[in-house]
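Worksheet for the structure shown next.
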Amino acid sequence: MDNKLMTRCALFTSDESFEPWLREFNRQFPQLNVAHWQHIENPEQVKYAMVWSPSKALFERFPNLTTVFNLGAGVDAILSNPAVPSHIDIYRIEDGGMSAQMNQYFSYFLLHFFRDMDLYQQQQPLKQWKVQPFRPASSFRVGILGMGQLGAKLASHLQSYGFDVAGWSRSKKQLPGVTSYAGANELEPFLSRTDALCCLLPLTPDTLGILNRKNMGQLPKGAVVLNAGRGEHLVADDLLALLDENHLRGAVLDVFKPEPLPADHGLWLHPKVMMTPHSSAQSEHVPCVERIGNTLQAIENNQAPSGLVDRSRGY
């Protein structure tokens with residue numbers, strides 16, 4: 001890498017997870033001289049920061065920041081932070097090893113419902129020996145809300161099972177074998193053809209509360225909802241009501257508002273809800289650091305790398 005990249009970079013995480021990141025940055029890109037944000041003696045020299053949920057103190061300490069690199073895909077915690085100066089460029093990690101994990105996560109739970117494992121679990125304590133009717137994979141209609149990097153890769157992956165896959169996003173996407181829906185006018189027809197709704201949307205003002213009673217009620221009776229986007233996408237009381245009314249067959253939730261979910265929340269013990277603790281896909285240090293380092297290099301060379309966040313769109 002060019003010697004002009006001897007710029008000190010600040011690393012900020014909101015917990016104690018900084019050490020693996022620091023080791024990996026110094027292994028792959030020692031010339032970047034990445035350091036913990038509180039251990040930098042000359043903060044005015046810092047132009048770049050690698051962050052997760054940055055605090056106001058970070059931006060107060062480094063007045064000459066030009067660019068921040070998010071240590072994950074979702075940038076809502078940065079965009080909703082009023083301390084982030086408007087002139088700073090924000091880059092997100094477009095994959096970072098997360099797509100394979102997300103494919104595994106959704107495949108596991110989609111197959112759970114497609115192969116009627118939830119029904120067999122209900123039969124077991126009743127000592128009921130009953131084979132559920134066969135149905136071809138092509139009859140199982142999966143719909144993906146959000147066709148960015150992760151959603152598009154999931155859509156392609158799920159075709160290997162023979163599922164009927166469609167996607168909905170802000171604008172039309174062209175993916176082989178995937179039916180594309182876009183915009184507010186096409187949300188209802190997308191939902192009405194979907195047996196399993198997978199949410200991978202970014203959190204924006206337009207997607208806040210999108211998993212509400214009106215929208216989930218447009219799913220066919222017996223549909224399932226899987227949310228690995230953000231907890232704020234879901235109106236939990238609406239979901240619980242639709243489950244209790246038997247309009248929805250089940251739900252898989254990986255994200256919540258707030259996190260951790262309070263112990264007295266009704267989602268914990270609902271028999272039709274399966275929950276995981278925001279673990280569907282985690283940033284992998286090696287590919288994430290490689291992506292950030294290469295992006296920083298491109299910026300220093302006056303190139304225009306992908307991953308720059310459009311603040312007006314929220315991703």
Side-chain angles (χ1 to χ4, degrees), residues 99 101-122 132-148 150-169 173 175 177-182 186-201 207 210-231 233-236 238-255 267 270-276 279-281:
S99 64
Q101 297 176 58
M102 201 64 80
N103 290 349
Q104 296 160 2
Y105 184 88
F106 277 101
S107 294
Y108 178 89
F109 288 109
L110 288 170
L111 290 170
H112 175 87
F113 289 108
F114 169 62
R115 292 302 306 269
D116 296 319
M117 297 303 168
D118 59 325
L119 302 182
Y120 290 128
Q121 285 179 333
Q122 294 169 27
Q132 296 297 324
F134 167 80
R135 55 176 169 168
S138 59
S139 71
F140 192 61
R141 301 168 298 176
V142 179
I144 301 171
L145 274 174
M147 292 294 287
L150 296 179
K153 290 183 178 180
L154 176 62
S156 297
H157 173 76
L158 292 178
Q159 292 181 72
S160 65
Y161 298 111
F163 298 151
D164 180 357
V165 181
W168 181 89
S169 51
K173 307 295 183 183
L175 287 174
V178 179
T179 305
S180 177
Y181 296 82
E186 295 188 357
L187 181 58
E188 182 175 354
F190 164 77
L191 294 169
S192 66
R193 54 78 57 207
T194 295
D195 300 313
L197 181 65
C198 305
C199 181
L200 277 172
L201 287 166
T207 66
I210 194 170
L211 297 177
N212 53 40
R213 185 180 184 91
K214 175 185 175 183
N215 290 336
M216 291 187 292
Q218 291 169 353
L219 295 167
K221 183 177 174 60
V224 296
V225 172
L226 303 88
N227 185 23
R230 284 291 184 264
H233 288 136
L234 176 68
V235 182
D238 290 355
L239 172 67
L240 290 169
L242 289 167
L243 290 170
D244 289 341
E245 295 164 12
N246 291 320
H247 181 77
L248 294 179
R249 173 179 175 177
V252 177
L253 306 177
D254 185 55
V255 288
L267 288 170
H270 198 285
K272 295 182 180 179
V273 175
M274 291 184 284
M275 294 167 45
T276 52
S279 57
S280 57

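Position 1 is the first residue of the sequence; numbering continues from there.
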message: Once rounded to the nearest 0.5 Å, what's the spacing between atom SG of C198 and atom CG of N227?
response: 10.0 Å
message: Quick check: closest heavy atoms across S107 and L158, and the distance to 0.1 Å?
response: OG-CD2, 4.0 Å
statement: For H247 and G217 the tightest heavy-atom approach is NE2-O, 3.3 Å
statement: Only residue of Y161, F114, F134 satisfying ring-ring contact (aromatic ring centres under 6.0 Å, His included) with F140 is F114
- prompt: Considering residues, nucleotides and ligands other than Y120, do more than 12 of their heavy atoms fall under 6.0 Å from its OH?
  reply: yes
query: Rounded to the nearest 0.5 Å, how far does SG of C199 lie from CZ of R230?
result: 10.5 Å
message: For the CD atom of E188 and the CG atom of L219, what is their distance to the nearest 0.5 Å?
response: 11.0 Å
- prompt: How close do G177 and Q159 get, heavy atom to heavy atom, and via which atoms?
  reply: CA-OE1, 3.3 Å
task: Grab the two heavy atoms, one from M216 and one from L248, that are nearest each other, plus how far apart they are.
output: O-CD2, 4.2 Å
- request: Answer yes or no: is there a side-chain heavy-atom contact under 4.5 Å between K153 and M102?
  value: no
message: As an exercise, state the distance from NE2 of H157 to CG of N103, rounded to the nearest 0.5 Å.
response: 4.5 Å
- prompt: What heavy-atom pair brings A241 and R213 nearest, and what distance separates the two atoms?
  reply: CB-NH1, 3.5 Å
task: Begin with the C-alpha distance, continue with both residues' side-chain angles, and end with the deciding distance and a verdict on side-chain contact (heavy atoms from CB on, under 4.5 Å) for L239 and L253.
output: CA-CA 11 Å; L239 172 67; L253 306 177; 3.9 Å; yes
task: Flag the pair F109 / Y105 as yes when their ring centroid distance falls below 6.0 Å, and as no otherwise.
output: yes
- prompt: Do Y181 and P189 have side chains that get closer than 4.5 Å, going by heavy atoms?
  reply: yes
query: Are the side chain of S139 and the backbone of R135 linked by a donor-acceptor contact shorter than 3.5 Å?
result: no
Working for side-chain contact (heavy atoms from CB on, under 4.5 Å), residues L119 and R249: CA-CA 10 Å; L119 302 182; R249 173 179 175 177; 3.8 Å; yes
message: Between K221 and D195, does any NZ, NE, NH1 or NH2 come within less than 4.0 Å of an OD or OE carboxylate oxygen?
response: no
- request: State the CG-CZ distance between L110 and R115, to the nearest 0.5 angstrom.
  value: 14.0 Å
field: Stepwise side-chain contact (heavy atoms from CB on, under 4.5 Å) check, V142 with F106
entry: CA-CA 11 Å; V142 179; F106 277 101; over 6 Å; no
- prompt: Regarding T276 and D254, is there a side-chain donor-to-acceptor distance under 3.5 Å anywhere?
  reply: yes
- prompt: salt bridge (Lys or Arg N to Asp or Glu O under 4.0 Å) with K173: which residues, sequence neighbours excluded?
  reply: none
query: Which heavy atom of A155 sits nearest a heavy atom of L175, and at what distance?
result: CB-CD1, 4.4 Å
task: Show your reasoning for whether side-chain contact (heavy atoms from CB on, under 4.5 Å) applies to V224 and K272.
output: CA-CA 10 Å; V224 296; K272 295 182 180 179; over 6 Å; no
- prompt: Between S280 and Q104, is any pair of side-chain heavy atoms under 4.5 Å apart?
  reply: no
- prompt: Hey, are the side chains of V252 and H112 touching, using non-hydrogen atoms and a 4.5 Å cut-off?
  reply: no
message: Out of the candidates L187, L226, L200, only one should pair with L145 under the side-chain contact (heavy atoms from CB on, under 4.5 Å) rule; please name it.
response: L187
- line: So CG of N215 and NE2 of H233: to nearest 0.5 Å the spacing works out to 12.0 Å
